[in-house]
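Predicted model only: the values in this text are computed from it and were never measured.
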Amino acid sequence: MSAAAISAALACTVLVPGAQAAESAREYHCGFIAPGKTPDFRARYNHCGPTRVNIKVKNIAFTEQDLCVPPGVIDIEGHIDGFRTIDAWYTGLC
């Protein structure tokens with residue numbers, strides 16, 4: 001392969017800032033993602049809409065907590081009270 005062809009091929013692989021984050025949102029369905037479906041075994045919520053929304057998060061102790069989330073994938077385990085998340089669902093706008 002010539003140097004020009006290699007250079008042209010490398011030019012096509014330039015990463016666009018934020019492209020990785022957008023791609024990770026496409027890896028998941030919209031809504032709650034169970035811990036067993038993520039690489040680090042932490043629950044996520046993928047909000048596919050354009051505005052912030054309120055979700056209800058339930059943990060293994062069956063306590064529930066409200067959380068306002070932005071569009072995209074959020075690690076909900078990092079925003080709640082320490083117990084493993086078992087479910088989360090949309091409840092309205094924040």
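Thr38 approaches Ile33 most closely through the heavy-atom pair CG2-CG2, 3.7 Å. The shortest non-hydrogen separation linking Phe32 to Ala43 is CE1-CB, 3.8 Å. Across all their heavy atoms, Phe41 and Gly36 have their closest contact at CD2-CA, 4.0 Å. What you find for Tyr28 and Val73 is that their closest heavy atoms are CD1-CG2, 4.0 Å. The minimum heavy-atom distance between Pro71 and Gly49, with the atom names listed, is CB-O, 3.2 Å.
Contact check on Glu77 versus Arg44 returns no salt bridge, with no Lys/Arg side-chain nitrogen under 4.0 Å from an Asp/Glu carboxylate oxygen.
With values rounded to the nearest 0.5 angstrom, Tyr90 atom OH is found 13.0 Å from Cys30 atom SG. Distance CZ/Arg52 to SG/Cys94: 5.5 Å, rounded to 0.5 Å.
Taking 4.5 Å as the limit, some side-chain heavy atom of Val53 sits within range of a side-chain heavy atom of Val69. Looking at Ile76 and Leu67, their side chains come closer than 4.5 Å, going by heavy atoms from C-beta outward.
With 3.5 Å as the limit, one finds no donor-acceptor pair spanning the side chains of Thr85 and Asn59.
Residues forming a salt bridge (Lys or Arg N to Asp or Glu O under 4.0 Å) with Arg42 (at least two apart in sequence, or on another chain): Asp75.
At a threshold of 4.5 Å between side-chain heavy atoms, the hydrophobic network of Ile, Leu, Val, Met, Phe, Trp and Tyr places Phe62 and Trp89 in two separate groups.
Proximity of a side-chain donor or acceptor of His47 to a complementary backbone N or O of Thr51 within less than 3.5 Å is detected.
Around the NZ atom of Lys56, the shell of radius 6.0 Å holds more than 12 heavy atoms that belong to other residues, nucleotides or ligands.
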